[in-house]
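Notes follow once the structure below has been shown.
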Number of protein chains: 2
Amino acid sequence: MKEKLLDLLRGRGHKITSQRRAIIDALLAGGHFVTAQQILDIVKQTHPDVSLDTVYRNLSLLMELGAVDEIRTPNRDGNLFEVLTTGHHSHLVCLTCGRAKCLPFCPIKSSDMEQAGVDGFTVTSHSLEFYGYCRECQTSGAGEGFSCCTK
Amino acid sequence: MKEKLLDLLRGRGHKITSQRRAIIDALLAGGHFVTAQQILDIVKQTHPDVSLDTVYRNLSLLMELGAVDEIRTPNRDGNLFEVLTTGHHSHLVCLTCGRAKCLPFCPIKSSDMEQAGVDGFTVTSHSLEFYGYCRECQTSGAGEGFSCCTK
DNA sequence: ATTCTAAATAAGAATATTACTATTTAGGAG
DNA sequence: CTCCTAAATAGTAATATTCTTATTTAGAAT
């Protein structure tokens, strides 16, 4: 998977820096969903000087290339990032514990994209999240922020 | 429209402060889409001491009550807010000029909501934006940030 | 009108994210 | 291997948004 990402970057004319390698390593090592800060924490173990800016810049690049997805959450510790190993899909986000879970599909069809493209507007992408409450946060009263949803 | 919003707030047990009135006035006066900062600028004309925090707090409350929608944009001046005069719908956002346009519909069906509610997850809302390029930003090269999309 | 209390605010601080600029570097060309 | 240049980074700063806490206030009850 790592080589696949590096090849994608090379193929688009991007350079492979040691920081970039470390960020990709962290993305792949940090669990399914990671925050920018979590990536930084991992990267700092080998590259103490990297800045959050570099993490965000690389995440943006990987998102442009379609290799990473950003899940918008109401969490205090920021949005979640995910390496797209499978295809595009949408997510459930629990409003109590803040964790995300992948849906195996995305309800937006290509016909929706075309319908959306009115008045000469060309649709290139979309962002969709479902918000609500996961099973654990419904049954255990107010969620405590752990043992909830999928990692 | 203003009375409708005030009644909605009263009906849910919320107090009507002069700041809150001014924020609602600004929401209704500031054009279809407004940023939090634009609301603050208008409100400051009559209430010089209000803080952005108060603007955001009131926007969040109105969103909880379903009276206001937030459109997530990649703009440097923040997200856009819209009073929901008609029903729920989705938006187009131009990645060049940053302006938004309402679609007259939302492609998410109730069956999608039910499908999304897997593993005991209860879906209560969703957030969807379409991104791309409006007609003006496609034809005029790199957009200059005005004369684009709908207000 | 006075009192009371939960709701709302102001002020300041914290945090996530983005932008700017000077410096460094990957990797191709010679 | 050395040179060159566009790409990438570090450092710093700016900005959008959220949080904390002490203070104020709307509106209900008296």
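Residue numbering restarts at 1 for every chain, and letters A, B, ... go by the order of the sequence lines. All values below come from the heavy atoms of this structure, side chains included, with hydrogens, waters and symmetry mates left out.
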For this session: Among C/dT9, D/dA8, C/dA8, find the nucleotide with the atom closest to the side chain of B/Leu61.
Result: C/dA8
Seminar exercise, completed: From CD1 of B/Ile39 across to P of D/dA16 the rounded distance in Å is 13 Å
Exercise. Between B/Leu40 (CG) and C/dT9 (P), how many Å, whole number?
Worked result: 13 Å
Exercise. Does B/Lys101 reach the main-chain N or O of B/Arg99 with its side chain, forming a donor-acceptor pair under 3.5 Å?
Worked result: no
Seminar exercise, completed: Walking DNA chain D from its 5' end, the first of B/Arg10 and B/Ala36 to be reached, judged by nearest nucleotide, is B/Ala36
Exercise. Is there a donor and acceptor pair closer than 3.5 Å between the side chain of B/Asn79 and the base of D/dA16?
Worked result: no
Exercise. Is there a donor-acceptor pair closer than 3.5 Å between any side-chain N or O of A/Thr73 and the backbone N or O of A/Gly78?
Worked result: yes
Exercise. Does a side-chain N or O from B/Gln19 land closer than 4.0 Å to OP1 or OP2 of C/dA10, or not?
Worked result: yes
Problem set entry | Expected output: side-chain B/Ser90 to main-chain B/Phe105 donor-acceptor under 3.5 Å | yes
Exercise. Can you check salt bridge (charged side-chain N to carboxylate O under 4.0 Å, His left out) on A/Asp53 and A/Arg57, steps first, answer last?
Worked result: CA-CA 6 Å; A/Asp53 179 80; A/Arg57 198 161 6 80; 3.0 Å; yes
Exercise. DNA chain C: B/Pro74 or A/Gln37, which has the more 5' nearest nucleotide?
Worked result: A/Gln37
Exercise. Considering only D/dG27, D/dG11, C/dA7, which nucleotide approaches the side chain of B/Ile16 most closely?
Worked result: D/dG27
Problem set entry | Residue list, side-chain contact (heavy atoms from CB on, under 4.5 Å) with A/Asp7, at least two apart or on another chain | A/Glu3, A/Arg10
Exercise. Is there a donor-acceptor pair under 3.5 Å between the side chain of B/Arg20 and the backbone N or O of B/Lys15?
Worked result: yes
For this session: May I ask you to evaluate whether B/Thr54 reaches the phosphate of C/dA10, defined as a side-chain N or O under 4.0 Å from OP1 or OP2?
Result: yes
Problem set entry | Sugar-phosphate only, base, or nothing, as touched by B/Leu52 at under 4.0 Å among non-hydrogen atoms | base
Seminar exercise, completed: When rounded to whole Å, the CG to C1' distance for the pair A/Leu59 and C/dA16 reads 13 Å
For this session: Could you tell me whether the phosphate oxygens of C/dA11, OP1 or OP2, come under 4.0 Å of any side-chain nitrogen or oxygen in B/Ser51?
Result: no
Exercise. Within the structure shown, what part of the strands sits under 4.0 Å from A/Arg20 by heavy-atom distance: base, sugar-phosphate, or nothing?
Worked result: sugar-phosphate
Problem set entry | Side chain of B/Arg76 - closest among C/dA19, C/dG27, C/dT9 | C/dA19
Seminar exercise, completed: Ranking C/dA26, C/dA10, D/dT25 by distance to the side chain of B/Lys15, first place goes to D/dT25
For this session: Look only at the side chain of B/Asn75 and the backbone of B/Gly98, and say whether a donor-acceptor pair between them is shorter than 3.5 Å.
Result: yes
Seminar exercise, completed: Those residues at least two apart in sequence (or on a different chain) that pass side-chain contact (heavy atoms from CB on, under 4.5 Å) with A/Glu129 are A/Ile71, A/Arg72, A/Val93, A/Ser127, A/Tyr131, B/Arg72
Problem set entry | Per A/Asp77 side chain, nearest of listed nucleotides C/dT9, C/dA16, C/dA6 | C/dA16
Distances for protein N or O near nucleotides 28-30 of chain C N or O, under 3.5 Å:
none

Exercise. Using a cut-off of less than 4.0 Å, is there contact between a side-chain N or O of B/Arg57 and OP1 or OP2 of D/dT18?
Worked result: no
Exercise. What does A/Asp53 touch in the nucleic acid at a heavy-atom separation under 4.0 angstrom: a base, only the sugar-phosphate, or nothing?
Worked result: base
For this session: Tell me whether the OP1 or OP2 atom of C/dT9 has a side-chain N or O from B/Asn58 closer than 4.0 Å.
Result: yes
